[in-house]
There are 2 protein chains.
Amino acid sequence: MTLILGVDPGSRRTGFGIINAAGNRLEYVTSGTIHLPANESLPPRLKVIFDSLTEIIRTHCPQEMAIEQVFLAKSPSSALKLGQARGAAIVAGVTQNLPVSEYEAKKVKQSVVGTGAASKAQVQHMVKTLLNLPGIPAEDAADALAVALCHIHTQKSLINLASGQGFRRGRLK
Amino acid sequence: MTLILGVDPGSRRTGFGIINAAGNRLEYVTSGTIHLPANESLPPRLKVIFDSLTEIIRTHCPQEMAIEQVFLAKSPSSALKLGQARGAAIVAGVTQNLPVSEYEAKKVKQSVVGTGAASKAQVQHMVKTLLNLPGIPAEDAADALAVALCHIHTQKSLINLASGQGFRRGRLK
């Protein structure tokens, strides 16, 4: 049993989701959206991200954390805001001694939907299906669960590769 | 006596400096540069910023923190990196219950050198002079001390304004 925390940080909302990867079974644990106070200055907003994620980690005790890696932001200003939120989220993980893995958005979509060009709605739909949820999770929570799923798939592939199952075996003629 | 912690965050090096503002006297307390491990991934690097600043805060017990505000970054990629470092630094302050104030780089230079277009070397020189240091502090430490000085000047102006000393008094004819 391994609990994975996925985080989708943003300067207005930060999504989180926890999945239990028990062998080949995937079990939904929790997910949600941290809403940052719109009228506050940056420091108390970052504190909300840090405090909320710290509380979630202390409550559910995940063993690993996964977060989306960002390469292309629209503008320097939005990149700075996103970076600040990411910084606060990553620090929440590392101060609770979680190893934090980063995944490109394209890889997350590829891993969950099968194509790196998937829409937000497709990601939400596939997260619902893969985790057998009764309803569609909100956008940020779905993105957080998707990055956790991507981490689980990636880890599993690495284990399979290491044990030889990932190699196609040819027949000697 | 008020101890002010100034921080100049960066993705390679983060400068810090503490000044004691005792009435009209300014007293240098400490300063330095936190070097981030170049070969590590982002999460442990952000942990170094967070842990180092937390240790500095716990050791010296400053009452307030000041940090440079960034408006224009060179590129989205450098803005993201800077944002992550800023996020980790600000979270270190707010989790130790310090009020964190942000100041534009231009305002910091204006406040320390007298012109918003001052060079790095001018800032270093004026920080040395204002704090009566025996030598020139390193660039990032000087920037951190400069933002602490800017915060002290700004607070003092606000207090003067509130007590009426900041207004020019005309004589009634």
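Letters A, B, ... are given to chains in the order of the sequence lines, protein chains preceding strands, and every chain is numbered from 1. In this text, all values refer to a predicted model and were calculated from it rather than measured experimentally.
- Interatomic distance, A:Ile19 CD1 to A:Arg25 CZ, rounded to the nearest 0.5 Å: 13.5 Å.
- Within the 4.5 Å cutoff, the side chain of B:Arg58 has heavy atoms near those of the B:Gln96 side chain.
- Taking CD of B:Glu104 as the start and OG of B:Ser111 as the end, the distance is 12.5 Å to the nearest 0.5 Å.
- Looking only at side-chain heavy atoms (C-beta outward), A:Arg45 and A:Pro37 come within less than 4.5 Å of each other.
- Rounding to the nearest 0.5 angstrom, the gap separating the CD atom in B:Glu102 from the CG atom in A:Leu42 is 5.0 Å.
- Distance check, rounded to the nearest 0.5 Å: CG of B:Leu3 to OG1 of B:Thr30 gives 11.0 Å.
- Residue B:Leu46 touches chain A through both its backbone and its side chain, counting heavy-atom pairs closer than 4.5 Å.
- A:Val91 and B:Ile56 fall within a single hydrophobic cluster, where Ile, Leu, Val, Met, Phe, Trp and Tyr side chains are chained together by heavy-atom contacts under 4.5 Å.
- Among residues 125-153 of chain B, no residue has any heavy atom closer than 4.5 Å to a heavy atom of chain A.
- Options B:Ile49, B:Ile67, B:Ile90 differ in how many heavy-atom pairs under 4.5 Å they form with chain A, and the most are formed by B:Ile90.
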